[in-house]
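This chain uses plain numbering: 1 for the first residue, then up along the sequence. Atoms considered below: every heavy atom in the structure, side chains included; atoms not considered: hydrogens, waters and symmetry mates.
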Amino acid sequence: MKETTEVADSNMNMHKAIMLDYSNKPEGCEFLIQLEENNELLQFLDLPDEYKVNGKEIWLDFVRSRRPQGPCPLGTPITINTIKLRN
């Protein structure tokens with residue numbers, strides 16, 4: 001995973017997204033990513049703590065993963081290629 005503070009490159013498939021804290025919900029999830037374009041929920045394996053803030057706005061480049069869903073039944077598993085904080 002690449003962390004960047006550069007402006008989103010127009011050649012990359014960057015998506016606007018928001019971090020959501022699901023840790024107090026009964027589904028057994030921690031944080032999920034919600035795409036702004038269609039409200040799809042995404043699961044990730046590993047992410048630095050600086051991004052794990054409810055409502056944090058990010059830019060995200062990802063691919064869908066074939067890994068098992070895990071204990072959280074919500075969201076599509078993904079692999080993050082690039083993540084960037086939005087201003």
Side-chain angles (χ1 to χ4, degrees):
M1 169 184 36
K2 178 181 174 187
E3 290 182 66
T4 181
T5 55
E6 299 170 11
V7 175
D9 184 346
S10 61
N11 295 326
M12 297 179 72
N13 191 22
M14 299 295 278
H15 300 270
K16 284 184 176 182
I18 296 176
M19 299 299 303
L20 297 177
D21 184 355
Y22 271 72
S23 62
N24 61 354
K25 309 257 187 215
E27 289 85 0
C29 307
E30 289 187 18
F31 276 87
L32 295 172
I33 297 171
Q34 183 178 40
L35 295 177
E36 286 191 7
E37 62 207 40
N38 60 10
N39 293 326
E40 180 180 5
L41 292 175
L42 307 173
Q43 284 185 26
F44 53 88
L45 279 180
D46 193 25
L47 199 61
D49 287 341
E50 70 181 284
Y51 294 98
K52 294 179 183 178
V53 176
N54 193 48
K56 176 85 60 181
E57 295 180 332
I58 59 172
W59 286 105
L60 182 69
D61 176 31
F62 68 94
V63 293
R64 296 186 194 300
S65 174
R66 292 184 179 182
R67 71 176 169 79
Q69 187 83 18
C72 175
L74 303 176
T76 302
I78 63 166
T79 299
I80 297 173
N81 294 326
T82 306
I83 189 167
K84 174 194 176 304
L85 297 174
R86 283 196 285 152
N87 296 334

Joint hydrophobic cluster, [X] plus [Y], side-chain heavy atoms closer than 4.5 Å:
X   : Y   : value
Y51 : F44 : yes
L85 : F62 : yes
L32 : I78 : no

State plainly whether the residues R86 and E36 are in salt-bridge range, i.e. N to O under 4.0 Å.
yes
Is it true that E40 and R64 have a side-chain N and a carboxylate O under 4.0 angstrom from each other?
yes
Sidechain-backbone polar pair: D21 side chain, F31 backbone, donor-acceptor under 3.5 Å
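No, the answer is negative, given that no donor and acceptor are paired below the 3.5 Å cut-off.
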Going by atom types alone, do E37 and H15 pair a side-chain donor with an acceptor below 3.5 Å?
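Yes, side-chain donor-acceptor contact under 3.5 Å.
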Nearest 0.5 angstrom please: [X] [atom1] to [Y] [atom2], how far?
X   : Y   : atom1 : atom2 : value
E30 : L20 : CD    : CG    : 14.0 Å
L42 : T79 : CG    : OG1   : 11.0 Å
I58 : T82 : CD1   : OG1   : 11.5 Å

Kindly give the heavy-atom pair with the smallest separation between [X] and [Y], and that separation in Å.
X   : Y   : result
M14 : K84 : CE-CB, 4.5 Å
P68 : P77 : O-CG, 4.4 Å
G28 : C72 : O-CB, 4.2 Å

Stepwise side chain to side chain contact (heavy atoms under 4.5 Å, CB included) test for L47 and K52:
CA-CA 8 Å; L47 199 61; K52 294 179 183 178; 4.1 Å; yes
Intermediate values then yes/no, side chain to side chain contact (heavy atoms under 4.5 Å, CB included), I33 and L41:
CA-CA 6 Å; I33 297 171; L41 292 175; over 6 Å; no
Would you sort out whether N81 and L60 count as a side chain to side chain contact (heavy atoms under 4.5 Å, CB included), showing the intermediate values?
CA-CA 8 Å; N81 294 326; L60 182 69; over 6 Å; no
Do the side chains of K56 and E50 get nearer than 4.5 Å, heavy atoms only?
no
Dump the intermediate steps for side chain to side chain contact (heavy atoms under 4.5 Å, CB included) on M19 and N54, then the final yes or no.
CA-CA 5 Å; M19 299 299 303; N54 193 48; over 6 Å; no
